Visitor: 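Have a look at this one before I ask anything.
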Number of protein chains: 2
Amino acid sequence: MEAGNPGSHGGESLLFLTDEQLRKGIEAMFFAYRAFTADPDRILENYEYGRAHHRAIHFINRQPGLTVNTLLTMLGVTKQSLNRVLRTLVEDGLVEARVGRRDKRERNLFLTEKGAELERELSDAQRARMRAAYRAAGPAAVAGFRQVLEAMMDPDIRRHYQSMRETAS
Amino acid sequence: MEAGNPGSHGGESLLFLTDEQLRKGIEAMFFAYRAFTADPDRILENYEYGRAHHRAIHFINRQPGLTVNTLLTMLGVTKQSLNRVLRTLVEDGLVEARVGRRDKRERNLFLTEKGAELERELSDAQRARMRAAYRAAGPAAVAGFRQVLEAMMDPDIRRHYQSMRETAS
DNA sequence: TTGGAAAGTCAACATGGCTGACATAAAATC
DNA sequence: GATTTTATGTCAGCCATGTTGACTTTCCAA
């Protein structure tokens with residue numbers, strides 16, 4: 001199935017959809033993602049945290065005060081998985097979980113100063129690689145990169161992604 | 001560190017390197033990668049295989065006859081990890097490990113017909129998503145996507161990536 | 001007041017990373 | 001020819017992080 005015919009003439013856009021092009025894209029995703037996580041992973045070895053902690057910290061930093069449920073949706077894991085991670089972060093004083101003002105069942109999550117410090121260390125490393133790649137590829141490539149990644153996301157998540165507040169650190 | 005100054009005027013390329021841009025890129029990678037692996041993961045649930053098996057099958061299909069060592073380099077895992085996966089694939093008749101002709105210590109890996117079938121099923125799903133994203137983003141975006149991902153890879157791996165034979169299935 | 005939602009917890013299990021130790025066969029080197 | 005190195009395979013055990021299922025507490029809302 002899917003002939004992947006390189007000689008087809010269905011208009012410009014089809015020229016890029018050969019099996020070979022698609023497979024190269026798949027490999028590029030795999031290799032790039034591995035590099036993308038490698039730097040933070042190295043840093044996390046010095047602490048007693050893993051990649052799951054990094055992800056939680058990232059999103060709490062991006063949307064201070066977000067609820068556990070929202071974080072759950074963004075991470076796409078079960079609450080039991082998340083809770084294991086979140087508990088250690090709260091115990092270690094990197095994350096604060098405040099009882100919701102309007103709805104007291106909710107917990108609003110914030111990074112403490114200590115949490116923000118680790119976030120910075122991890123983020124600096126990850127952004128450095130991203131920045132280098134952006135510089136090497138150039139502005140036009142960066143726009144295309146973002147467009148393809150967005151198109152690849154599941155629609156529900158894409159909405160979250162697009163509406164992410166610009167909090168910066 | 002890293003002021004990430006949106007108002008800087010260092011030339012066109014620097015305008016794309018604000019912290020916010022970089023963080024959005026980081027999130028895009030995370031969300032897109034999750035979607036990227038979701039379809040094959042769903043298929044693999046029907047078998048007794050996991051993501052690790054998929055990766056091995058992918059590269060054996062791409063470079064038929066590659067050695068265990070080469071596969072190890074591409075996957076970036078230990079031989080013990082790979083062996084656990086490879087053993088079940090050979091036992092189940094999806095992969096054939098032929099003794100090397102020139103160097104009899106080596107094993108050259110090939111997909112059997114059965115292995116090629118599973119490869120096709122997994123690959124079809126993954127390529128379908130990639131194709132949809134490529135179509136939605138357009139040819140220029142695809143080129144940029146590939147450029148940024150390449151720039152993000154570790155140099156050694158990038159060389160492997162670029163020299164990957166065009167075997168297609 | 002009752003039902004459901006948000007969060008937390010315990011237990012058990014699977015996958016797939018890892019290290020360390022060791023075995024075998026074959027190539028390469030001295 | 002003896003020795004060392006390389007490629008592969010294997011066993012055992014550990015760890016991080018995902019899963020399901022069951023159950024509790026708190027609190028909002030109908």
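Lettering follows sequence order; numbering is per chain, from 1. Since we're looking at a predicted model, the values are computed, not measured.
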Visitor: Base, sugar-phosphate alone, or nothing: which one does Arg84(A) contact when heavy atoms must sit under 4.0 Å apart?
Guide: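 Base contact - Arg84(A) has a heavy atom under 4.0 Å of at least one base atom.
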
Visitor: Give a yes or no on this: more than 12 heavy atoms of other residues, nucleotides or ligands lie within 6.0 Å of atom CD of Glu48(B).
Guide: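 No, CD of Glu48(B) has 12 or fewer neighbouring heavy atoms, counting only those of other groups under 6.0 Å.
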
Visitor: Under 4.0 Å from OP1 or OP2 of dT19(D): is there any side-chain N or O of Ser81(A) that close?
Guide: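 Yes.
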
Visitor: Take the protein atom CD of Glu106(B) and the nucleotide atom P of dT6(D), then report the distance between them rounded to whole Å.
Guide: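 From Glu106(B) CD to dT6(D) P: 13 Å.
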
Visitor: Between dA16(D) atom C1' and Leu44(A) atom CG, what is the distance in whole Å?
Guide: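 Answer to the nearest Å: 12 Å.
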
Visitor: Expressed in angstrom and rounded to an integer, what is the separation of Asp41(A) atom CG from dC15(D) atom P?
Guide: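 Between P of dC15(D) and CG of Asp41(A): 18 Å.
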
Visitor: CG of Leu86(B) versus P of dT8(D): gap in Å, rounded?
Guide: 10 Å

Visitor: Can you work out whether Asn69(B) or Val85(A) has the more 5'-proximal nearest nucleotide on DNA chain D?
Guide: Asn69(B)

Visitor: For Arg101(A) and Glu106(A), run side-chain contact (heavy atoms from CB on, under 4.5 Å): C-alpha distance rounded to whole Å, both residues' side-chain angles, the deciding distance at 0.1 Å, then the answer.
Guide: CA-CA 8 Å; Arg101(A) 284 195 309 136; Glu106(A) 293 181 344; over 6 Å; no

Visitor: Please step through side-chain contact (heavy atoms from CB on, under 4.5 Å) for the pair Tyr134(B) and Leu22(A), ending with a clear verdict.
Guide: CA-CA 9 Å; Tyr134(B) 276 17; Leu22(A) 295 168; 3.8 Å; yes

Visitor: Any sub-3.5 Å donor-acceptor pair from Thr67(A)'s side-chain atoms to Arg107(A)'s backbone N or O?
Guide: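 No; zero donor-acceptor contacts below 3.5 Å.
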
Visitor: Looking only at N and O atoms, is any donor in the side chain of Gln80(B) or the base of dG13(D) less than 3.5 Å from an acceptor on the other one?
Guide: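 No pair found.
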
Visitor: Under 6.0 Å from the six-membered ring centre of Phe36(A) and within 45° of its axis: does the NZ or CZ of Arg129(A) meet both?
Guide: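 No - Arg129(A) does not lie over the ring of Phe36(A) by the 6.0 Å and 45° rule.
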
Visitor: Round to the nearest Å and state the distance from Glu91(B) atom CD to dG9(D) atom P.
Guide: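 Glu91(B) atom CD is separated from dG9(D) atom P by 12 Å.
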
Visitor: Ignoring hydrogens and angles, tell me if any N or O in the side chain of Lys114(A) forms a donor-acceptor pair with the backbone of Asp92(A) under 3.5 Å.
Guide: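 Answer holds: yes.
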
Visitor: What I'd like to find out is whether the side chain of Phe31(A) reaches to under 4.5 Å of the side chain of Asp154(B), using heavy atoms alone.
Guide: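 A side-chain contact is absent here, since even the closest heavy-atom pair is not under 4.5 Å.
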
Visitor: Is the phosphate of dT17(D), meaning OP1 or OP2, less than 4.0 Å from a side-chain N or O of His53(A)?
Guide: yes

Visitor: Figure out the NZ/C1' separation between Lys79(A) and dG21(D), and round it to whole Å.
Guide: 11 Å

Visitor: Can you check nucleotides 25-30 of chain D for protein contacts, nitrogen or oxygen pairs under 3.5 Å, and list what you find?
Guide:
| residue | atom | partner | partner atom | Å |
| --- | --- | --- | --- | --- |
| dC28(D) | OP1 | Lys104(A) | N | 3.3 |

Visitor: Can a donor-acceptor pair be found between the side chains of His54(B) and Glu119(B) at a distance below 3.5 Å?
Guide: no

Visitor: Centroid separation under 6.0 Å, is that true for the rings of Phe30(A) and Phe59(B)?
Guide: yes

Visitor: Take the protein atom CD of Glu48(A) and the nucleotide atom P of dT17(D), then report the distance between them rounded to whole Å.
Guide: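 Atom-to-atom, Glu48(A) to dT17(D), this comes out as 12 Å.
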
Visitor: Please state how far atom CG in Leu75(A) lies from atom P in dT19(D), giving the value in whole angstrom units.
Guide: 11 Å

Visitor: On DNA chain C, reading 5' to 3', which nucleotide is the first and which the last to sit with an atom under 4.0 Å from a heavy atom of chain A, could you check?
Guide: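 Reading along DNA chain C, I get dG4(C) to dC10(C).
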
